[in-house]
Engineer: 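Let me begin by handing over the structure; questions about it come next.
Reminder, nothing fancy here: chain letters follow the sequence lines and each chain counts from 1.
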Amino acid sequence: MTLHPTDKRRARLAYSRAIVAVLVATAIWLPLLPHLHNPTGDEPRLLLRAAIANVGDTEKWRAESKALRHGNPEWDLMRRTFTALALAEAAYPGANDSAISASALGALDKLVDELRSDLESAPDTQFLLPYAHDHAFIGSGRSLFVDGEVALILEVRLLLGGRSELVPLANDRLGQAITSMSAAQNFSAESYPDEAWTFCNTTALAAIRLHDARTQEDHHDLAERWIAHAKVALVDQRSGLLVSRYRMNDGVMEGPEGSSIFMVAHNLMLWDPAFARDQYERAKSQLVFNTLGFGLAREWPLGNRDAYQDVDSGPVVPLLGASPGASGLALLGATAFHDESTQKLLMRSLRIAAIPRNTPHGMTYLAAGPMGNAVALRALNFGPLWRNVAMKSPQFTAGAIP
Amino acid sequence: MMNKPLMCLLVIAVGVPALTLLAWLAGLADTVPALAGGAQHPLELASAFACVGLRITSLTVAPIAGIAALLVWTSQALVHRRAQVVEARGAVIVEADAAPPRVPNT
């Protein structure tokens with residue numbers, strides 16, 4: 001079929017008109033889009049209410065734990081840690097909503113009891129990836145990942161008062177962490193055989209700080225030594241960020257990662273706020289970026305050729321290099337360090353990509369799964385507990401910030 | 001009045017949100033948490049990606065197509081209206097590509 005010249009001209013005109021219209025429409029819509037996905041302000045409360053209901057629903061909680069373990073057993077414990085921190089913030093004296101405080105405390109108690117039951121019924125390796133069995137641990141034979149996170153959960157609960165029967169278990173887990181870290185030449189303990197993580201070591205340090213705040217004991221020597229050593233041996237020269245994973249001889253296994261560094265900064269603010277802020281600011285400038293008004297975080301600084309996608313990063317978005325794990329934890333960093341503009345950018349992404357859905361008790365981010373929801377819950381319910389302990393921290397700076 | 005580009009824009013503007021709604025009504029959104037790990041079957045993961053892709057397309061590309069369709073339709077309507085007015089005044093619309101004037105054979 002051949003078109004008459006007039007028809008051809010009309011068709012060309014129609015296509016040109018459509019292309020111009022699409023360009024104009026894009027120029028109209030894209031600047032509006034981020035403003036249509038601004039956070040409503042209700043998210044922290046709704047997520048908290050959903051978490052309280054979720055912990056109370058034993059069957060659902062266990063089913064989710066089982067599904068998490070199927071993907072990564074660590075996430076089952078980490079979800080409990082992030083949830084416990086958020087619940088403790090809500091139950092902490094001085095929290096905004098007194099009506100929700102009592103139910104948050106009840107949920108935290110239930111979470112702690114479930115954890116104790118799980119720890120009694122199976123060895124700690126239930127929370128570790130299978131390669132924990134591949135070699136023998138070099139140090140005490142224990143995983144600091146498990147000891148540190150269990151100690152943190154128990155210490156936040158004890159900080160709220162009562163439940164003194166938890167003290168022996170908390171002291172045991174914390175004592176194991178302190179012993180392992182103190183005995184090591186680099187003051188780090190292993191999470192896996194000959195494999196230490198800044199994430200886990202700083203989580204243990206945070207648990208120690210909460211313990212000191214509760215008992216008035218003083219472990220600042222250990223924290224100061226760890227931080228001083230880390231500033232010298234564990235800071236990546238190119239980015240100035242703490243690496244993620246290293247051998248017990250400080251040989252770096254994985255450089256800085258978005259899924260680690262924001263949690264590390266959040267933990268370190270309890271001991272060395274200046275260093276913690278420095279790490280947050282560096283991580284933000286190298287990992288967080290803004291696309292059309294939506295904030296995302298990379299898993300690795302640009303130009304890191306050795307990096308590879310794994311269970312921590314989550315599926316990395318092609319071209320953008322954004323990682324759900326890094327973006328979620330960047331939100332934690334932004335709220336912890338009062339960075340409201342970054343928080344708003346990241347929240348917009350959460351709203352558009354993680355698919356918020358109302359539930360009978362609150363809300364959930366559908367695409368984030370139980371682990372992602374726990375991180376968002378903690379990030380958006382960062383509050384008085386952590387800040388008060390941070391403010392009362394011994395003000396030291398172990399070595400200069402590199 | 002309805003040409004191909006306008007049809008395409010309308011199909012995207014209406015079709016994508018309609019598909020998204022259908023996917024949601026069919027319960028495919030329940031597979032979305034599989035994106036965060038724990039997918040039991042590749043189909044579950046594919047459905048989850050499709051749901052998220054459809055949602056994001058509904059919120060970004062579909063409205064752009066909708067606005068563009070509105071712009072195209074408006075401009076066509078204006079041109080058509082102008083042509084009617086000109087015709088009503090008795091003027092002759094000469095198409096630019098109309099047949100060239102007769103040239104005597106030489």
Side-chain angles (χ1 to χ4, degrees), chain A residues 4-30 32-33 36-37 63-72 75 79 292 294 311 314-315 324-325 328 349 351-355 357 364-375, chain B residues 1-10 12-13 20 23-24 27-40 44-45 48-49 51-79 93-100:
Chain A
H4 187 274
T6 308
D7 292 337
K8 270 189 188 172
R9 184 178 168 269
R10 279 195 185 135
R12 244 196 343 258
L13 192 69
Y15 278 106
S16 311
R17 202 178 277 158
I19 290 168
V20 172
V22 167
L23 291 175
V24 172
T26 305
I28 293 170
W29 185 249
L30 288 189
L32 283 176
L33 190 61
L36 299 174
H37 295 275
E64 287 180 348
S65 283
K66 196 177 164 193
L68 280 172
R69 286 186 189 205
H70 177 76
N72 180 356
W75 286 359
R79 171 173 74 141
L292 304 168
F294 293 89
V311 71
S349 297
R351 282 180 64 83
I352 196 167
I355 313 183
R357 182 192 248 186
T364 182
Y365 289 108
L366 215 51
M371 183 65 213
N373 274 285
V375 173
Chain B
M1 284 298 279
M2 190 73 90
N3 53 37
K4 257 191 201 169
L6 184 57
M7 284 279 282
C8 287
L9 289 171
L10 282 175
I12 297 171
T20 310
W24 246 250
L28 291 181
D30 294 339
T31 61
V32 170
L35 285 177
Q40 305 291 325
E44 196 182 349
L45 205 58
F49 270 115
C51 278
V52 175
L54 276 174
R55 177 187 148 86
I56 293 177
T57 312
S58 293
L59 295 173
T60 52
V61 177
I64 288 173
I67 295 170
L70 192 67
L71 289 172
V72 168
W73 181 82
T74 308
S75 71
Q76 279 183 0
L78 284 174
V79 169
I93 299 170
V94 180
E95 291 284 346
D97 283 349

Engineer: Considering non-hydrogen atoms only, spot the tightest contact between B:P5 and A:A18 and give its length.
Structural biologist: CB-CB, 3.5 Å
Engineer: Is A:L23 in contact with chain B via its backbone, its side chain, both, or neither, using a 4.5 Å heavy-atom distance?
Structural biologist: neither
Engineer: Can you tell me which portion of A:I352 sits under 4.5 Å from chain B's heavy atoms? Options are side chain, backbone, both or neither.
Structural biologist: both
Engineer: Which region of A:R357, side chain (C-beta onward) or backbone (N, CA, C, O), has a non-hydrogen atom less than 4.5 Å from a non-hydrogen atom of chain B, or is it both or neither?
Structural biologist: side chain
Engineer: Testing the basics here: between A:R351 and B:R55, what is the closest heavy-atom pair and its distance to 0.1 Å?
Structural biologist: O-NH2, 2.7 Å
Engineer: Check whether B:I56 gets within reach of chain A through its side chain, its backbone, both or neither, counting any heavy atom under 4.5 Å.
Structural biologist: side chain
Engineer: Find the one option among B:I64, B:L71, B:V32 whose heavy-atom pairs under 4.5 Å with chain A are most numerous.
Structural biologist: B:I64
Engineer: Taking the side chain from A:W29 and the backbone from B:A65, do they hold a donor-acceptor pair closer than 3.5 Å?
Structural biologist: no
Engineer: Nearest 0.5 Å, what's the CG-SG distance between A:L366 and B:C51?
Structural biologist: 8.5 Å
Engineer: Does any backbone or side-chain atom of A:A367 lie under 4.5 Å from a heavy atom of chain B? Answer side chain, backbone, both or neither.
Structural biologist: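 Answer is both: backbone and side chain atoms of A:A367 are under 4.5 Å from chain B.
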Engineer: Answer with side chain, backbone, both or neither: which region of B:A48 has an atom nearer than 4.5 Å to a non-hydrogen atom of chain A?
Structural biologist: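 Neither part.
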Engineer: Determine the sole option in A:V22, A:I28, A:L32 for which the side-chain contact (heavy atoms from CB on, under 4.5 Å) test with B:I67 is passed.
Structural biologist: A:I28
Engineer: For chain A, which of B:V61, B:L70, B:T31, B:L59 has the most heavy-atom pairs under 4.5 Å?
Structural biologist: B:L59
Engineer: Given heavy-atom pairs under 4.5 angstrom as the criterion, report whether the side chain, backbone, both or neither of B:T60 touches chain A.
Structural biologist: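 Both parts, heavy atoms under 4.5 Å.
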